[in-house]
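Working notes, structure below.
Residue numbers start from 1 in every chain, and the chains themselves are labelled A, B, ... in the order their sequence lines are given, proteins ahead of strands.
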Amino acid sequence: MQLYKSQQLRVHNSLSGTKEVFQPINDGHIGMYVCGPTVYSNVHLGNCRTFISFDMIFRYFKHLGYKVRYVRNITDAGHLENDADDGEDKIAKKAKLEQIEPMEVVQRYTVDFHNTLQKFNLLPPSIEPTATGHIIEQIEIIKEIIDKGIAYEVNGSVYFDVVKFNEKHEYGKLSGRKLEDMIANTRELTAQDEKRNPQDFALWKKAEPQHIMRWPSPWGDGFPGWHLECTAMSTKYLGDTFDIHGGGMDLKFPHHECEIAQAEASTGKSPVKYWLHANMLTLNGKKMSKSTGNNIYPSEIMSGENDILSKPYSAAVVRFFMMQAHYTSILDLSDEALQASEKGYNRLMEAIDNLAKLETASNSDFDIKAWQQKCYDAMNDDFNTPILISHLFDAVKHINLIKEGKETITETDKNQLQNMMAVFVHDILGIENQAASEDKSQTFSGVMELLIGLRNEARANKDFATSDKIRDELTALGIQLKDGKDGTTFSIN
RNA sequence: GGCAUCGUGGCCGAGUGGCUAGGCACAGCUCUGCAAAAGCUUGUACAGCGGUUCGAAUCCGCUCGAUGCCUCCA
């Protein structure tokens, strides 16, 4: 059961920029934190990619037999629009726009987030904490940082003193930046009078009278700064130092850099052993973004109601499409690419269906053990799902050959292959066979059997006009007939 | 402007100093009443220019191009 003892996993650590052998801090246990969404609008597909990537990683850890505590937060306190004094809380802004309570906005989009992830077959995290539920913890961290002399209060707001921090720590080590360079390249900023240095960031912001989301603090009514919640929630549930911190590439700087700074300033310890970053999903070659409108929502893909794609695609196909690229690579969404993935997905699913029906023999032409290890090797190499999938298609080929009687498989190997296909496809990649559950009721199957029977009768009588009519009209309905050695089967597209 | 990543055959997308991932599309063949499905075969691609090397698409340098971050963003 404890597979991790025999499989050596390597992960790409953004902190070192290299692949490292994965060794959890506590043997057999993993603490993993992933930055969740800000719930002020619906999640778009780009957001989903990150969560799907880490879901796959979570699934693989579990499969390897680790006990994983997976924490993924909900940012419901909003972030400042910018660091300038006229900054406005995003959620409060949206609430005003929609004439509802801020927490109503939060509730609405949290529900949407959960519904969407469920469609993509994501496992729920172990803990899903909210920022507003951890205001006290955040205030405590601010106090500690002030005590250490690395933060200062100005007019009801508290800022992190990056220059001071950099004296004894290394600000910028995650993103490969140097503070001196950053200071030298500072853009012209306005209304920065409160901060000692433009690189300083807010730990606590004073709430203006019109600001709705506000909490009392030692520095007056206000709201927590942009990066603090993740530090508070990750260390609360995973400890001062934990194994994995993940998130989207775009959070590397400044968000994750600031998290490191806050944690090191308050505890003196580096908070995270392995930093993992999932890369962007692009649309038309550009990053998807809520603010620029260059995005597509999962519901639009599944319904087909959009101007980008020629047809609807199921959540499973979209997930498969994403799994065909490495999580650290930029992936561009296009109709052509999705179509190709859909066909591949269908072929894979059909092979899995056919696998169960294969006849067995006294020997195998397919080395299951070697194949299985190749699949694990792919996953062990920084979760290389594209390579894993290429091996899965290797199995597909063998399944089809066995089905045609050109190769054989033993009972034991067949069971093993069935088991491992399920493990890799369903348990680890998280890909479900969505077609299997659709339109396969007893009644429907009966009708199909009848039609296939009639067609074969016509063929036997060389009445090809009738047989082709049945076939063509079924094709028009999206039902494909497949004449095999042992009779005719069908699939629904 | 600074930092970072990337540029692979028609499309998508892996990858390693020498042994041509894979998916989709295309072509030929087998099968088929004809198709489809399935199988087999073929495609000598690694932005450009230099260099290191017995050998580089993979290492180094330069050029060009793209993207991300530097302001909220997965």
Side-chain angles (χ1 to χ4, degrees), chain A residues 14 17 34-38 40-41 43-54 75 78-84 87-88 90 172 175-178 181-182 184-187 189 199 226 246-255 257 277-282 285-292 295 320-321 324-326 328-345 347-348 350-351 354 378 381 384-394 396-397 399-401 403-404 406-407 459 462 464 467-468 471-472 475 480-485 488-491:
Chain A
S14 303
V34 171
C35 291
T38 303
Y40 67 88
S41 64
V43 282
H44 64 244
L45 199 67
N47 302 127
C48 293
R49 184 188 181 198
T50 297
F51 302 125
I52 290 171
S53 295
F54 284 103
T75 297
H79 290 326
L80 284 177
E81 288 279 291
N82 54 50
D83 268 354
E88 197 176 3
K90 275 200 166 167
S175 53
R177 286 156 213 253
K178 295 215 180 319
D181 295 345
M182 291 169 62
N185 290 301
T186 301
R187 287 191 211 156
L189 292 171
Q199 276 66 44
W226 174 27
M249 214 42 171
D250 51 349
L251 296 183
K252 203 168 175 182
F253 187 89
H255 185 59
E257 202 70 72
H277 286 100
N279 218 134
M280 300 293 99
L281 179 71
T282 59
K286 293 256 194 273
K287 176 188 167 187
M288 281 196 201
S289 161
K290 289 175 189 172
S291 48
T292 62
N295 59 32
F320 179 72
F321 163 71
Q324 277 188 300
H326 191 81
T328 57
S329 294
I330 293 171
L331 176 64
D332 192 58
L333 184 86
S334 69
D335 196 48
E336 266 189 310
L338 277 174
Q339 261 178 31
S341 287
E342 184 175 55
K343 289 191 180 169
Y345 166 84
R347 205 155 79 88
L348 180 61
E350 276 177 40
N354 289 332
D381 185 15
N384 199 324
T385 54
I387 294 289
L388 169 63
I389 290 172
S390 79
H391 295 319
L392 295 181
F393 276 106
D394 194 35
V396 167
K397 189 164 144 181
I399 290 167
N400 288 331
L401 282 168
K403 183 170 171 251
E404 289 197 0
K406 289 176 181 164
E407 282 191 3
R459 290 172 72 200
K462 298 206 189 296
F464 298 124
S467 67
D468 287 356
R471 183 179 71 197
D472 295 345
T475 304
Q480 184 182 45
L481 294 183
K482 296 172 185 180
D483 296 327
K485 219 160 46 86
T488 304
T489 56
F490 68 96
S491 67

May I ask you to verify whether the side chain of [X] and the base of [N] hold a donor-acceptor pair under 3.5 Å?
X      : N     : answer
A:D468 : B:A35 : no
A:K252 : B:C69 : no
A:R177 : B:C69 : yes
A:K178 : B:C3  : no

Residue [X], side-chain heavy atoms: nucleotide from [options] that is nearest:
X      : options             : value
A:R459 : B:G15, B:C34, B:C69 : B:C34
A:N400 : B:A38, B:G15, B:A21 : B:A38
A:S289 : B:A25, B:C73, B:U67 : B:C73

TODO: Measure from CG on A:N295 to C1' on B:G68 and round the result to the nearest Å.
DONE: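 Spelled out: CG on A:N295 to C1' on B:G68 is 17 Å.
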TODO: Could you tell me the separation between the CG atom of A:D181 and the C1' atom of B:C3, rounded to a whole number of Å?
DONE: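 In whole Å, B:C3 C1' lies 8 Å from A:D181 CG.
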Open item on the list: Take a 6.0 Å sphere around NZ of A:K403 and say whether it holds more than 12 heavy atoms from other residues, nucleotides or ligands.
Closed with: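 Atom NZ in A:K403 is not packed in, count stays at 12 or less.
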- [ ] Kindly check if the number of other-residue, nucleotide or ligand heavy atoms within 6.0 Å of NZ (A:K482) is above 12?
- [x]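 Buried by this count: over 12 neighbours within 6.0 Å.
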For [N], does OP1 or OP2 lie under 4.0 Å from any side-chain N or O of [X]?
X      : N     : result
A:N47  : B:C73 : no
A:R471 : B:A35 : no
A:T38  : B:A74 : yes

Answer with base, sugar-phosphate or nothing: what part of the nucleic acid does [X] contact at a heavy-atom distance below 4.0 Å?
X      : result
A:A325 : sugar-phosphate
A:S329 : sugar-phosphate
A:G172 : nothing
A:F464 : base
A:D483 : base

Task: Cationic tip of A:R177 above A:F253 ring, under 6.0 Å, 45° of axis - done: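 Geometry flag: set, cation within 6.0 Å and 45°.
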Between [M] and [N] - [atom1] atom distance, rounded Å:
N     : M     : atom1 : value
B:G18 : B:A37 : P     : 37 Å
B:U67 : B:U52 : C1'   : 30 Å
B:A74 : B:U41 : C1'   : 44 Å

Task: Salt-bridge contact A:D332-A:K286 (side-chain N to carboxylate O under 4.0 Å) - done: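 A:K286 and A:D332: not salt-bridged.
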